[in-house]
Amino acid sequence: MRQAGRYMPEYRRVRRRYSFLELCRTPAAAAEVTVTAVDRLGVDAAILFADILLLLEPLGVGLEYSRNEGPVIHRPVRTPQDVGRLPRIDAAAELPYVYEAVRLSQANLRVPLIGFSGAPFTLASYLVEGGGSRHYLHTKTLMYRAPRAWHELMSFLVDNVISYLRRQIEAGAQAVQVFDSWVGCLSPYDYRQFVLPHMKRLFENLPGQVPTIHFGTGTAGLLEMLREGGGTVIGLDWRVDLIQGWQRVGFDRAIQGNLDPAALLGPRDLLLEQARAVLEKAAGHPGHIFNLGHGILPQTPVDQVRALVDFVHEYSQSSRARG
Ligand code: CP3
């Protein structure tokens, strides 16, 4: 995730010509950025250049990417009346440029392309808070005080995420990832009550022909329920021991993770030692996808990422040779 970004000079060069939203809305440029990141890093799969919040843009809530604050929603949805006023459109039908970027990227890649969407809870948290948040108090207030409006909002988002991912798959995405980045702010009780039924409906309604990745962070208290929610692959962040996390997810599922992205800021030998520890933990169980536990940090030196990718390839090849 976050393969292309401001840490990468090739990205910054393209980004000078467009605002972030313009870049997302220009399929040729979005595809170029997607493909360049793969070439530069040598990774085994590409992730589409887009953003989880694009799906909210057609709702007319005033999405903006500000230079200092990150994403902002100028007209947040905080009350049952606000939820009732949301246009009941198929927002996914309004994003043809994303599907075109999928098509163009896929045509220019030699590795599989991962499409993605935000998960309903994480999308709702941006809609309700109006941006990033530390404690998610507006979101939880709506959830607790107006559960009917909350479930209505979540159902609406599930419908849209299903439709969005279906279209990405039709356009050529070979796997899809669902980002529930901020779901770790919830208690297990609240997850079961307010999120899990929606995740089940979401995964049950994705086309079965491509693998699905169910990602979250801060999920150490929720792993069994993430499994229950669905996904061919469950993401693990670095706060959980890989084997203990996998055991709770179940060894019959694949996992993805779980190096701390901050490890890329340390000295090279420590970085590779930590990567080796992840790989050694996973050894002997089929179905581990090496990845960071969350997105790459803006301060990351690109050659550290390249060294990490090369190391994982060498390790995997030599362990395959050893049988
Ligand atoms: O090639 C890639 O990997 C990039 C594709 C990608 C972006 N956002 C581009 C982006 C992906 C997979 C995302 C997902 C995303 N977006 C998530 C889920 C993953 C996660 O990290 O948890 C979330 C929560 C968002 C919301 C979002 N978009 C935030 C919080 C920000 C600000 C972050 C920042 O570094 O400024 C964005 C903007 C954003 N999305 C950028 C990029 C490259 C930076 C925008 C810029 O160029 O100015």
Side-chain angles (χ1 to χ4, degrees), residues 1-26 29-41 43-57 63-73 98 101-102 105 109 111-127 129-134 136 139 161 164-165 168 173 175-185 213-219 235-238 256-257 260-262 291-300 302 305 309:
M1 74 199 87
R2 302 280 182 94
Q3 292 184 354
R6 284 170 305 195
Y7 77 105
M8 196 178 273
E10 291 85 348
Y11 173 77
R12 287 200 302 272
R13 213 168 299 133
V14 179
R15 180 72 167 72
R16 256 186 260 140
R17 291 188 274 133
Y18 306 92
S19 73
F20 177 67
L21 270 176
E22 280 167 359
L23 178 49
C24 293
R25 287 198 194 107
T26 310
E32 178 192 330
V33 166
T34 304
V35 175
T36 307
V38 172
D39 292 343
R40 183 74 175 86
L41 303 177
V43 285
D44 299 320
I47 183 150
L48 176 71
F49 187 80
D51 193 72
I52 61 165
L53 302 179
L54 295 180
L55 188 54
L56 304 180
E57 218 245 355
L63 170 67
E64 188 197 337
Y65 290 86
S66 83
R67 196 156 274 289
N68 307 317
E69 295 164 76
V72 180
I73 303 254
V98 173
V102 168
S105 303
L109 283 163
V111 295
L113 176 67
I114 305 169
F116 69 92
S117 171
F121 175 81
T122 292
L123 290 173
S125 83
Y126 278 101
L127 265 182
E129 300 295 332
S133 176
R134 205 174 147 77
Y136 301 91
T139 309
V161 170
Y164 189 44
L165 292 175
Q168 292 183 42
V176 289
Q177 177 153 348
V178 178
F179 285 100
D180 218 349
S181 303
W182 311 136
V183 77
C185 73
I213 307 165
H214 185 172
F215 169 86
T217 69
T219 53
L236 296 180
D237 78 11
W238 64 96
Q256 169 178 289
D260 185 346
N291 208 323
L292 303 179
H294 200 177
I296 217 157
L297 297 158
Q299 302 83 349
T300 306
V302 177
V305 188
V309 171

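Counting convention: from 1, in listed order, for ligands and their atoms alike. Every heavy atom of this structure was used, including side-chain atoms; hydrogens, water molecules and symmetry mates were not.
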**Q** Take the angle between the ring planes of Phe20 and Phe49 and call it parallel below 30°, perpendicular above 60°, tilted in between.
**A**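 Aromatic pair Phe20/Phe49 classed perpendicular.
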**Q** What is the closest protein heavy atom to atom 9 (C) of ligand 1, and at what distance does it sit?
**A**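 In this structure, atom 9 (C) of ligand 1 has Ala50 O, 3.1 Å as its nearest protein heavy atom.
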**Q** Tell me the protein heavy atom at minimum distance from atom 11 (C) of ligand 1, and give that distance in Å.
**A**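 The answer is Phe116 CZ, 3.6 Å.
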**Q** At what distance is the nearest protein heavy atom to atom 47 (O) of ligand 1, and which residue and atom is it?
**A**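 Answer, as residue, atom name and distance: Tyr11 OH, 2.5 Å.
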**Q** Counting heavy atoms only, which of Ile47, Thr217, Ile296, Asp51 is nearest atom 16 (N) of ligand 1?
**A**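 It is Asp51 that holds the nearest heavy atom.
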**Q** With heavy atoms under 4.0 Å as the rule, classify the contact between His294 and ligand 1 as side chain, backbone, both or neither.
**A**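 Answer for His294: side chain.
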**Q** Looking at ligand 1, does Pro71 have a heavy atom less than 4.0 Å from it?
**A**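 Distance cut 4.0 Å: Pro71 passes for ligand 1.
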**Q** As an exercise, identify every atom of ligand 1 less than 4.0 angstrom from a heavy atom of Ser181.
**A**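 Numbered from 1, ligand 1 contributes 18 (C), 19 (C), 20 (C), 22 (O), 24 (C).
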**Q** Between Ala4 and ligand 1, which residue portion shows a heavy-atom distance shorter than 4.0 Å: side chain, backbone, both, or neither?
**A**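 It is both parts that get close, each with some atom under 4.0 Å.
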**Q** Got an N/O contact under 3.5 Å between Thr122 and ligand 1?
**A**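 No.
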**Q** Please state which protein non-hydrogen atom is closest to atom 2 (C) of ligand 1 and give its distance, to 0.1 Å?
**A**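 Of the protein heavy atoms, Gln3 N, 3.2 Å lies nearest.
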**Q** Pairs of nitrogen or oxygen atoms closer than 3.5 Å, one from Arg6 and one from ligand 1: do any exist?
**A**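 Indeed, backbone or side chain, Arg6 has an N or O that close.
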**Q** Return the set of residues passing ring-ring contact (aromatic ring centres under 6.0 Å, His included) with Tyr7 (not counting sequence neighbours), or none when no residue passes.
**A**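 If we apply the ring-ring contact (aromatic ring centres under 6.0 Å, His included) test to Tyr7, skipping adjacent residues, there are no hits.
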**Q** Starting from atom 30 (C) of ligand 1, locate the nearest protein heavy atom and write down its residue, its atom name and how far away it is, to 0.1 Å.
**A**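 The closest one turns out to be Tyr126 OH, 3.4 Å.
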**Q** Please name all residues satisfying ring-ring contact (aromatic ring centres under 6.0 Å, His included) with Tyr164, sequence neighbours left out, ordered by chain then number.
**A**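 Tyr164 satisfies ring-ring contact (aromatic ring centres under 6.0 Å, His included) with no residue once adjacent residues are dropped.
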**Q** Between Arg2 and ligand 1, is there a nitrogen or oxygen pair with a distance under 3.5 Å?
**A**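 In this structure, Arg2 places an N or O atom under 3.5 Å from an N or O of ligand 1.
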**Q** Run the contact test for Leu48 against ligand 1 with a 4.0 Å cut-off on heavy atoms, strictly below, and give the result.
**A**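 For ligand 1, residue contact (heavy atoms, under 4.0 Å) with Leu48 is present.
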**Q** Would you mind running through ligand 1 and noting each atom that sits below 4.0 Å from a heavy atom of Arg15?
**A**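 Reading through ligand 1 atom by atom, the close ones are 46 (C), 47 (O), 48 (O).
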**Q** Under 30°, 30 to 60°, or over 60°: which ring-plane class applies to His294 and Trp238, parallel, tilted or perpendicular?
**A**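 The rings of His294 and Trp238 lie parallel, inter-plane angle below 30°.
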**Q** Do any heavy atoms of Ala37 fall under 4.0 Å from ligand 1?
**A**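 Ala37: no contact with ligand 1 (<4.0 Å).
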**Q** Who's the nearest protein heavy-atom neighbour of atom 42 (C) of ligand 1, and how far?
**A**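 Closest protein heavy atom to atom 42 (C) of ligand 1: Phe20 CE1, 3.5 Å.
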